[in-house]
Amino acid sequence: MKTIQEEFMGGGTQRGAYIGHSVGLEIDEWPVLGPKEEEMLPENAVITVEPKFMIPNVGAVMVEDSILIKENGYELLGSVGHELFEIG
């Protein structure tokens, strides 16, 4: 059985290259949040953080939060909970 690290953000050629991105006029807008990114997030930018686990032949789980970057931190936008539930 694979470890949780092997399933984080997908697997193989389907692994996501980043965990979040800026929100604007395009899909997956720059800057993005990822292990190879060094660009600073500008103040007042809205970004989405969307970690996911995808296990072939089992299913997937994804949480997506939008946050506002502030001078000394961030503000979580929205109020959707993170409870785990099963469909089906």
Side-chain angles (χ1 to χ4, degrees):
M1 180 169 235
K2 292 185 178 184
T3 65
I4 199 163
Q5 289 86 359
E6 292 173 303
E7 304 296 353
F8 183 65
M9 297 304 291
T13 60
Q14 300 299 311
R15 183 175 303 279
Y18 51 86
I19 194 169
H21 55 84
S22 185
V23 176
L25 299 175
E26 303 290 330
I27 296 175
D28 298 351
E29 210 168 274
W30 290 92
V32 298
L33 304 173
K36 297 179 182 179
E37 300 301 322
E38 296 182 7
E39 187 171 342
M40 295 293 292
L41 298 174
E43 185 178 351
N44 297 319
V46 175
I47 63 168
T48 181
V49 179
E50 49 188 34
K52 47 187 107 26
F53 289 90
M54 292 174 262
I55 303 170
N57 302 316
V58 175
V61 120
M62 177 177 158
V63 175
E64 184 168 341
D65 286 311
S66 294
I67 63 172
L68 171 64
I69 303 299
K70 295 185 156 195
E71 181 179 2
N72 294 310
Y74 69 93
E75 178 183 341
L76 182 61
L77 304 175
S79 59
V80 176
H82 293 110
E83 296 80 23
L84 182 62
F85 61 92
E86 183 177 336
I87 299 174

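Heavy atoms only: backbone and side chains are in, while hydrogens, waters and symmetry mates are out.
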Pairs in or reaching into residues 38-48: which pass salt bridge (Lys or Arg N to Asp or Glu O under 4.0 Å), with residues at least two apart or in two chains? none

Can you give each donor-acceptor pair under 3.5 Å made by side-chain atoms of residues 63-70, sequence neighbours left out, with the distance rounded to 0.1 Å?
| from | atom 1 | to | atom 2 | distance (Å) |
| --- | --- | --- | --- | --- |
| Glu64 | OE2 | Thr48 | OG1 | 3.1 |
| Asp65 | OD1 | His82 | NE2 | 3.3 |
| Asp65 | OD2 | His82 | NE2 | 3.0 |
| Lys70 | NZ | Glu75 | OE1 | 3.2 |

What is the minimum heavy-atom distance between Leu41 and Pro31, and which atoms define it? CD2-CG, 3.6 Å

Shared hydrophobic cluster, Leu76 / Val46 (ILVMFWY, side-chain heavy atoms < 4.5 Å): no

Supply the members, apart from Met40, of the Ile/Leu/Val/Met/Phe/Trp/Tyr cluster built from side-chain contacts under 4.5 Å; use none for a lone residue. none

So if you build clusters from Ile, Leu, Val, Met, Phe, Trp, Tyr with side-chain heavy-atom gaps below 4.5 Å, do Tyr74 and Val49 land together? yes

